[in-house]
Amino acid sequence: MNISYKILSVLLLAFIATGCTKLDEESFGRLSPSTYYQNENEANSSVAGIYQSLQQMQGVSSPWTISVEGTDEFIVPGRASGGWFDPNNIDIMQHNVRADNQTIAGAWTNVFSEIGIANAVLESLRSSSSADKFKVQIAEARALRAYGYFYAMDFWGNVPLVTVGKIEQNNLPVTTARADIFRFVETELLEAVADLPAANTVDKATYYPRLTKEAVYSLLAMTYLNAEVYTGTAKWAEAIAMCNNVINSGAFALEANVVDSFKALNKGKTREVIFAFSIDPARNSGSNAYILYSQPALDQQRYSLPFAPANGFSTQKEALDRYETQDKRINLLQYGPQFNLNGTPLLDTKGVQLNLVNCISFTAAADNEGYRVLKYVPEGVTWTGPYGNNDLIQTRYADILLTKAEAAFRSGNTGDALMLINQVRSRSNATNLTSVTLKNLEEERAREFIWEGHRRRDMIRFGTYFNTTWTFKTSIDPLTKGIYPIPVTQLATNPNLRQNPGY
């Protein structure tokens with residue numbers, strides 16, 4: 001079945017704005033494991049709430065934005081015409097983040113809310129008299145909680161490790177070292193994968209978009225790819241092994257075009273998507289707001305939209321210049337003079353054609369400043385107000401190929417690395433490489449996964465987050481900038497937490 005994001009009120013109360021607090025005891029009492037979890041549908045309905053919370057990592061909320069802000073592929077400029085000016089975003093873009101940054105604080109709240117919901121569901125499932133029937137749901141909840149901790153580890157490094165649904169105020173959690181969070185994530189995923197079905201054994205029409213073994217192997221591959229950053233010890237062989245688990249399943253392949261994975265018409269149908277979040281705003285089951293937040297207002301005319309987009313999120317010259325002219329992926333970026341779908345100029349009310357230019361001001365940008373990224377195309381979308389129903393894509397098969405390519409290169413196997421990177425490039429009509437370097441691998445990931453939430457993590461792993469500059473980041477940074485500060489609100493609420501170095 002497609003998961004309906006019905007979430008119990010008790011689970012929504014798991015974590016409040018402070019990031020971790022106790023459950024509402026009265027609600028919990030009314031919906032105890034003995035009275036609620038009696039069959040698979042009831043268990044699924046609560047696990048669905050964890051999926052819904054995790055989807056923020058790919059939506060336009062602050063967990064996703066802090067994974068792309070501060071990189072060379074994403075900007076949110078304040079507009080001279082009014083709107084979008086936010087010092088919190090500007091500080092992230094310029095690597096001047098302080099512990100009182102509200103965008104970072106919002107991301108913390110959202111990440112740890114997902115973890116709290118997972119903890120509450122896990123406790124209830126395990127306490128149920130029917131727990132032996134819920135092995136798959138328990139495995140899903142464990143893997144989804146590990147997903148939350150992966151992001152916590154990636155963003156903040158050293159964070160509290162909480163595995164219970166209720167935190168006593170006289171026993172607040174302490175800071176856990178990043179390497180220990182890594183081991184927790186690794187262990188949880190390795191144990192959860194045993195009880196999850198393989199992609200080839202489920203009816204995709206009814207099981208999508210739930211986790212399969214291959215979806216968890218994919219997260220393990222990403223975790224191992226970044227192990228040296230997180231723990232100081234590289235795990236290239238382990239990353240390759242996890243990629244091979246996905247590749248050898250035979251369940252996945254590249255689609256003809258990158259954009260195919262992002263079309264609403266292809267929900268649950270593509271062979272490239274390994275893990276996604278089902279979106280249906282008409283049923284209060286999440287929403288896709290990429291077009292609303294990023295496209296110019298004239299796209300209402302171009303695509304016959306029922307709303308005018310807000311002209312916010314943009315990309316910049318550094319990202320556009322990575323693509324060859326014939327690379328089909330460049331068509332996912334909007335730049336220069338713009339046209340209607342019938343080829344006529346896209347004109348404003350004064351008859352002036354929209355011409356998207358590079359952004360030169362992050363505080364008073366003209367409305368046509370900033371190139372745009374359009375992966376979640378409006379083709380076939382059912383709109384609920386300004387919100388689309390394109391599923392949010394978390395992991396694609398292309399990521400497995402490029403993860404294995406990088407891990408192979410770093411292990412000394414340049415032949416496999418070259419073959420894999422060219423497999424991805426050929427799909428988009430990019431020129432095949434005759435040799436491969438680390439720079440090639442980083443730039444290929446930047447081309448392929450623009451705005452998919454990888455860039456900050458990739459730049460940190462390759463070092464370019466610190467040792468290079470671009471339009472709105474003009475200085476070299478210390479390695480301490482590789483993790484964000486613990487929000488001051490969290491330090492005030494929990495004196496057992498310790499601020500990260502450099503803040």
Side-chain angles (χ1 to χ4, degrees), residues 14-15 20 47 50-51 53-54 57 111-127 131-132 134-167 173-199 210-246 249 274-275 394-395 399-400 403-404 407 457 461 483 497:
F15 273 36
C20 48
V47 174
I50 318 175
Y51 283 98
S53 186
L54 186 64
M57 311 308 169
V111 169
F112 279 93
S113 291
E114 188 271 344
I115 291 168
I117 292 168
N119 283 337
V121 171
L122 270 170
E123 282 194 352
S124 297
L125 287 172
R126 286 168 167 166
S127 299
D132 59 328
F134 302 145
K135 289 184 178 180
V136 172
Q137 290 80 8
I138 290 172
E140 285 178 277
R142 292 181 73 182
L144 292 168
R145 179 178 63 183
Y147 240 120
Y149 269 114
F150 170 83
Y151 280 104
M153 167 181 65
D154 187 64
F155 292 146
W156 297 284
N158 313 294
V159 297
L161 179 58
V162 178
T163 58
V164 296
K166 177 182 177 181
I167 296 174
V174 300
T175 299
T176 300
R178 196 183 208 183
D180 292 327
I181 299 295
F182 175 94
R183 284 186 282 273
F184 173 80
V185 171
E186 177 187 26
T187 299
E188 287 292 290
L189 293 174
L190 289 172
E191 292 181 4
V193 75
D195 288 326
L196 291 170
R210 296 167 65 183
L211 288 171
T212 61
K213 289 184 186 295
E214 289 76 14
V216 174
Y217 290 141
S218 299
L219 177 54
L220 279 163
M222 189 190 307
T223 304
Y224 287 135
L225 187 66
N226 293 280
E228 190 169 23
V229 173
Y230 299 150
T231 70
T233 301
K235 290 185 176 289
W236 312 123
E238 290 87 342
I240 291 170
M242 293 301 116
C243 291
N244 285 340
N245 286 340
V246 178
S249 73
I274 298 172
F275 182 36
Q394 179 70 15
T395 311
D399 191 18
I400 294 301
T403 295
K404 182 178 178 182
R457 186 165 52 244
R461 189 173 65 255
I483 53 178
L497 298 182

Minimal non-hydrogen separation, Leu196 against Leu211, with atom names: CD2-O, 4.0 Å

CE of Met57 to CD of Gln394, rounded to nearest 0.5 Å, is 8.5 Å

Beyond-backbone contact of Val164 with Asn119, side-chain heavy atoms, under 4.5 angstrom: no

Measure across Ser53 and Ser113 and return the closest heavy-atom pair with its distance rounded to 0.1 Å. OG-C, 4.2 Å

Nearest heavy atoms of Leu497 and Pro173, plus distance in Å: CD2-O, 3.9 Å

Interatomic distance, Thr231 atom OG1 to Ile181 atom CD1 [nearest 0.5 angstrom]: 13.0 Å

Determine whether Ile50 and Arg145 make a side-chain contact, defined as any pair of heavy atoms from C-beta on separated by less than 4.5 Å. no

Any salt bridge between Asp195 and Lys135, counting N to O under 4.0 Å? no

Please state whether the rings of Tyr147 and Phe275 are parallel, tilted or perpendicular, taking 30° and 60° as the class boundaries. tilted

In Å and rounded to the nearest 0.5 Å, what is the OH to NZ distance from Tyr230 to Lys235? 14.0 Å

Might you work through the ring-ring contact (aromatic ring centres under 6.0 Å, His included) test for Tyr224 and Tyr217, ending with a clear yes or no? CA-CA 10 Å; Tyr224 287 135; Tyr217 290 141; over 10 Å; no

Side-chain H-bond candidate by donor/acceptor type, Asn245 with Lys213, under 3.5 Å: no

Could you tell me which residues satisfy side-chain contact (heavy atoms from CB on, under 4.5 Å) with Val229, sequence neighbours excluded, listed by chain and number? Arg178, Ile460, Arg461

Quick one: pull up CZ in Arg457 and CG in Asp154 and give me the separation to the nearest 0.5 Å. 5.0 Å

I want to check something: taking the side chain as every heavy atom from C-beta on, are Leu190 and Leu220 in contact at a cut-off of under 4.5 Å? yes

Could you tell me if the side chain of Phe134 sits less than 4.5 Å from the side chain of Val47, heavy atoms only? no

Can you tell me how far the OG1 atom of Thr212 sits from the CD1 atom of Ile274, to the nearest 0.5 Å? 8.0 Å

Please lay out, stage by stage, how Ile483 and Trp156 fare under the test side-chain contact (heavy atoms from CB on, under 4.5 Å). CA-CA 5 Å; Ile483 53 178; Trp156 297 284; 5.6 Å; no

Verify, without hydrogens or angle tests, whether Glu188 (side chain) and Ala143 (backbone) share a donor-acceptor contact under 3.5 angstrom. no

Is the closest side-chain heavy-atom distance between Tyr51 and Arg210 below 4.5 Å? yes

With a 4.5 Å limit on heavy-atom distance, are the side chains of Phe150 and Leu189 in contact? no

For the residue pair Phe112 and Tyr149, categorise the inter-ring angle as parallel (less than 30°), tilted (30 to 60°) or perpendicular (more than 60°). perpendicular

Flag for Thr403-Asp399: side-chain donor and acceptor within less than 3.5 Å: yes

Of all heavy-atom pairs between Gly148 and Val111, which one has the smallest distance, and what is that distance? O-CG1, 3.5 Å

Once rounded to the nearest 0.5 Å, what's the spacing between atom OG1 of Thr176 and atom CZ of Arg183? 11.0 Å

Run the ring-ring contact (aromatic ring centres under 6.0 Å, His included) test against Tyr151 and tell me which residues pass, sequence neighbours left out. Phe155

Could you walk me through whether Leu125 and Val121 pass side-chain contact (heavy atoms from CB on, under 4.5 Å), step by step? CA-CA 6 Å; Leu125 287 172; Val121 171; 3.6 Å; yes

Closest approach of Trp236 and Leu225, non-hydrogen atoms and distance? CZ3-O, 3.3 Å

Are Glu238 and Glu186 packed together at the side-chain level, in the sense that at least one heavy-atom pair is separated by less than 4.5 angstrom? no

With a 4.5 Å cut-off on side-chain heavy atoms, are Met153 and Val159 touching? no

Listed partners of Glu228 passing salt bridge (Lys or Arg N to Asp or Glu O under 4.0 Å), at least two apart: none

Heavy-atom pair with the smallest gap, counting every atom of Thr395 and Ser218: CG2-CB, 3.8 Å

